[in-house]
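This report concerns only the one structure given below.
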Number of protein chains: 2
Amino acid sequence: MSAAEKKPDIFNERLNTLGFRFTPQRRRVYEVLLGKRDHPTADEVFVRAKKQMPEISHATVYNCLDALVECGLVRQVQLDRGATRFCPNMREHCHFYCDDCDTVFDVGLPVKAQDGVALPKGFRAKRFEIAIHGVCADCAKKD
Amino acid sequence: MSAAEKKPDIFNERLNTLGFRFTPQRRRVYEVLLGKRDHPTADEVFVRAKKQMPEISHATVYNCLDALVECGLVRQVQLDRGATRFCPNMREHCHFYCDDCDTVFDVGLPVKAQDGVALPKGFRAKRFEIAIHGVCADCAKKD
DNA sequence: TCAAGATTTAGAATAATTCTAAAGGGTGGC
DNA sequence: GCCACCCTTTAGAATTATTCTAAATCTTGA
């Protein structure tokens, strides 16, 4: 085990509290997401993870992503008909998707998301996902 | 042409203004969505459309759904890793997804969605999609 | 040290969506 | 009304995304 893997950190703690095991694959997948915050798809994570861990398999990447989502280290982002994307920014924010260049931007949320919504009686909300579709500044200039 | 198809209505108008042609397939797909507002997937729409139009093909349903989305008669809803769902309710609202029973509910939005969000300079928003994940009243009772 | 259970692996299987090429159909110009 | 053009539909193949399977490996606690 490397020094980084030995000392308990948020990564390790979160996995443990929910009964998940620490594994090098899960750490690698998490590092990939932290390394380039461009909201990659599972397949893009797979390609990046493979560079430093050539034996890692496709199914493992899905498994790891699911585990990270379940223990609250990563968010799943559903933006269009294409593949699901993943995001390690757990602060409250929403996603801006540029329909022109397919880029995803994190956008802050000054107001608490749930304030605008009146749920029917008895409904319990666990999480809010806000997606904004439009054109980013660069693409708007080009038009 | 049936009487219903002859007289111009919102369906016909919307298609025409964007250069789409009126077709019986497109009408049928729209009727399916209006008929049972349970946020079906493309495949579910296909199955329902087939009942009254057995020759309709899978690709046509995708084509029709895309056309209806483009001319603003239908919304696409992305909720989880599964298939895209479709919704003919164009009033401002958001979607509540029950993680237990996989049902989708339309929820009103008293506050304008964009009020809570500060977009970076130059960004132009076209539409907001708000998804709430949680447990519906019925499932909450069962727990 | 061992057993139990979690995790990884490769590859097959399934699901969702898009593509392709040929046929059909409507519309405007003549 | 006829023709050419272009949009649309069709069946089925192809592609993409995700899940499943069974065997091997690893971790942990008794």
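The analysis underlying the following values was restricted to heavy atoms, covering all of them including side chains, and did not include hydrogens, waters or symmetry mates. Computed from a predicted structure; not experimentally measured. In the text below, chain A, chain B and the rest are named by the order of the sequence lines, each starting its count at 1.
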(message) Using whole Å, what does the distance between atom C1' of nucleotide C:dT7 and atom CD of A:Glu70 come to?
(response) 14 Å

(message) By nearest heavy atom, map A:Gly82 and B:Ile56 onto DNA chain D; which one lands nearer the 5' end?
(response) B:Ile56

(message) Quick check on D:dT9: is either OP1 or OP2 less than 4.0 Å from any side-chain nitrogen or oxygen of B:Ser57?
(response) no

(request) Respond yes when some side-chain nitrogen or oxygen of B:Arg26 is under 4.0 Å from OP1 or OP2 of D:dT8, and no when none is. (result) yes

(request) Write down the distance between CZ (B:Arg85) and P (C:dA16), rounded to a whole number of angstrom. (result) 10 Å

(message) If the threshold is 4.0 Å, N to carboxylate O, is there a salt bridge linking B:Asp106 and B:Arg75?
(response) no

(message) Does this structure show an ion pair linking B:Arg48 with B:Asp38, if we count only N-O contacts that are shorter than 4.0 Å?
(response) yes

(message) Starting the side chain at C-beta, find the nucleotide from D:dC20, C:dA6, C:dC19 nearest to A:Ala59.
(response) D:dC20

(message) For C:dT18 and B:Tyr62 - does any side-chain N or O of the residue sit under 4.0 Å from the phosphate oxygens OP1/OP2?
(response) no

(message) In this structure, how many angstroms lie between the P atom of C:dT17 and the CD atom of B:Gln76, rounded?
(response) 9 Å

(request) Among C:dT17, C:dG26, D:dT28, find the nucleotide with the atom closest to the side chain of B:Arg21. (result) C:dG26

(request) Could you check how far CG of B:Asp80 sits from C1' of C:dA15, rounded to whole Å? (result) 13 Å

(message) What is the distance, to the nearest angstrom, from the CG atom on A:Asp66 to the C1' atom on C:dT8?
(response) 14 Å

(message) Among C:dG11, D:dA17, D:dT9, which nucleotide has an atom closest to any side-chain atom of A:Ala83?
(response) D:dA17

(message) In this structure, how many angstroms lie between the P atom of D:dT18 and the NE2 atom of A:His58, rounded?
(response) 8 Å

(message) When you measure from the side-chain N and O atoms of A:Thr84 to the phosphate of D:dA17, is any distance below 4.0 Å, counting only OP1 and OP2?
(response) no

(message) Taking B:Arg21's backbone N and O only, do any of them form a donor-acceptor pair with B:Arg26's side chain (distance below 3.5 Å, no angle check)?
(response) yes

(message) Between A:Arg85 and A:Glu44, does any side-chain N to carboxylate O distance fall below 4.0 Å?
(response) no

(request) Measure from CG on B:Leu79 to P on D:dT18 and round the result to the nearest Å. (result) 15 Å

(message) Please determine whether a side-chain nitrogen or oxygen atom of A:Arg81 lies at a distance below 4.0 Å from atom OP1 or OP2 of D:dT16.
(response) no

(request) Give a yes/no answer on whether the side chain of B:Thr23 brings an N or O atom under 4.0 Å of OP1 or OP2 in D:dT8. (result) no

(request) Kindly say if A:Gln25 contacts the phosphate of D:dC26, meaning a side-chain N or O under 4.0 Å from OP1 or OP2. (result) no

(request) Drop me the distance from B:Asp80's CG to B:Tyr97's OH, to the nearest 0.5 angstrom. (result) 4.0 Å

(request) Specify the separation, in whole Å, of atom CZ of B:Arg28 and atom C1' of D:dT9. (result) 17 Å

